[in-house]
Amino acid sequence: MISRFQKYLFFAMLLACVVMAAFLIRLRNRAQDRLQAQAAAAPAAMASVGSSLKTVILYVPNDLDDSLTTVERSLPLPADGNAQARVVLESLMEAYRAPASTHPINVASGVNDVYFLAPQDRTGEGGQMAVVDLTGALAAAQPSGIEPETLTLLSMMATLHANLPAVTEVHFLIDGQPRETLAGHADLTRTYLASEAEQRPSPAMPAGAVR
Amino acid sequence: MRWIEAAALVVAVAMAGYAHSSSFSQIPQAPQLPQAPPIPPMSTPTASAQIQQRFLVVVDAAHGGNDIGARIGNGVLEKDITLGLSARLRSTLRAHGIEVVMTRQTDVSMPPLNRAETANHAQAAACLVIHATATGSGVHLFTSALGPTATARFLPWQTAQSAWVTQSLKLESEIDSALAHAEIPVSLGRASVEPMDSMTCPEVAVEMAPLVGGHVTEVRAITDASYQKSVVDAITAALEQWRSDWKQP
């Protein structure tokens with residue numbers, strides 16, 4: 001025969017176990033979110049250590065008139081070139097995901113890494129080839145179409161070239177692997193010349209404009 | 001009877017000789033024109049007429065089958081929009097006496113290689129690659145991002161379009177003017193999109209987007225029939241103009 005006291009004790013202990021389990025699960029989720037946020041902010045954190053504030057130029061696309069608009073931002077840039085390139089591109093991604101973005105791509109982190117190689121000798125001008133390893137999340141969030149995909153690539157190429165003039169060629173990977181297109185249209189199998197960003201689409205003419 | 005035939009032949013030859021030596025020879029001879037150099041077969045009027053008759057447009061409805069393209073919204077897929085728009089364009093062009101070859105006429109997958117093969121085999125006067133997107137406004141026109149090169153007998157497959165880039169830019173300009181005349185916002189650009197770089201014809205990618213924002217007074221969806229008609233009519237007008245301007249490079 002189990003006494004009433006023992007029954008109460010058993011149920012109280014069971015309740016305590018359930019509450020503790022729920023508390024631990026919540027703590028675990030919060031820790032996971034914190035780690036993910038730290039990973040996403042790694043370039044900024046890397047930049048803030050022993051780096052000075054510098055003005056960078058971002059080429060922000062506008063889907064409505066097919067143009068690239070220059071925006072200046074002050075960022076703490078690290079000394080390392082690869083890290084600099086990553087910080088600059090992540091800053092561009094911030095512009096993509098801003099609430100009033102003219103080229104909305106809602107992705108937390110769009111660049112895995114940037115590597116520099118000797119360029120394929122096509123122009124004979126020297127310089128460097130930047131291999132930009134984009135995240136699969138960026139490719140998944142990228143709106144599909146020739147115009148939006150081309151604008152994304154041109155804005156990254158122009159931004160890289162503006163802040164790291166030695167970059168003359170750019171090649172794109174997705175999660176470390178070559179891929180045929182960004183989101184079904186823009187060709188990622190080829191290496192782009194950074195100067196191609198200067199041939200960006202002209203602003204749209206207003207309807208009814210006389211040419 | 002043989003001797004009669006032989007006699008008739010002798011008489012005929014004698015009469016011909018007489019005519020040549022007497023009366024006809026007294027007619028003053030027209031001054032002899034300098035002999036024209038031999039004309040290559042493609043420059044003869046007959047060949048030119050054949051070229052004029054061969055004015056042919058390739059319409060490539062992008063995507064198809066498993067390759068759905070962009071999701072335009074409300075379950076509308078880019079592959080369906082491009083096919084519908086291409087069929088509409090074909091009908092209108094044919095009504096204006098322009099011959100059309102389509103790379104696909106049904107919802108089938110077609111590799112870029114096959115699309116370029118179809119276009120190149122047709123030796124088209126113009127190639128239009130039809131796309132659609134939910135982003136932007138109006139019509140986006142794209143030509144290949146390749147730099148122009150001289151025409152050669154053999155061209156690398158991956159960059160064959162480079163010999164036609166100058167012609168493609170002219171064609172783009174014609175379409176741009178026609179769309180602007182129809183009060184449709186236009187943007188121009190260069191892009192690397194398969195199979196454009198492998199096509200050996202003046203080519204333009206026509207990407208249709210909804211009419212929104214900017215100077216647009218009326219929002220119109222990409223599926224709007226009247227909007228599609230105005231785009232198709234403008235492209236047809238541009239190709240009619242191109243037909244009168246175009247010469248085989």
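Since the structure is predicted, the reported quantities are computational estimates derived from the model, not experimental observations. We name chains A, B, ... by the order of the sequence lines, and we start the count at 1 in each one.
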Separation of B/D197 CG from B/W157 CH2 (nearest 0.5 Å): 11.5 Å
Pairing of B/R190 and B/E172 as salt bridge, 4.0 angstrom limit: no
Less than 4.0 Å between a side-chain N and a carboxylate O, is that true for B/K79 and B/D107? yes
Checking heavy-atom separations under 4.5 Å from chain B, one finds in residues 132-141 of chain A none
Check whether any side-chain heavy atom of [X] lies under 4.5 Å from a side-chain heavy atom of [Y], and answer yes or no.
{"X": "B/D60", "Y": "B/T118", "value": "no"}
{"X": "A/L153", "Y": "A/L182", "value": "yes"}
{"X": "B/W242", "Y": "B/K170", "value": "yes"}

Name the member of A/G184, A/P104, A/P148, A/P143 that forms the most heavy-atom pairs with chain B at distances under 4.5 Å. A/P148
Side chains of B/R104 and B/T82: donor-acceptor distance under 3.5 Å anywhere? yes
Answer with side chain, backbone, both or neither: which region of B/A182 has an atom nearer than 4.5 Å to a non-hydrogen atom of chain A? neither
So, the part of B/Q158 with a heavy atom under 4.5 Å from chain A: the answer is neither
Most chain A-contacting option - heavy-atom pairs closer than 4.5 Å, from B/E78, B/E194, B/E207, B/R71: B/E207
Comparing B/L141, B/D67, B/T135 against chain A, the one with the most heavy-atom pairs below 4.5 Å turns out to be B/T135
Taking the six-membered ring for Trp, are the ring centroids of B/H63 and B/H131 within less than 6.0 Å of each other? yes
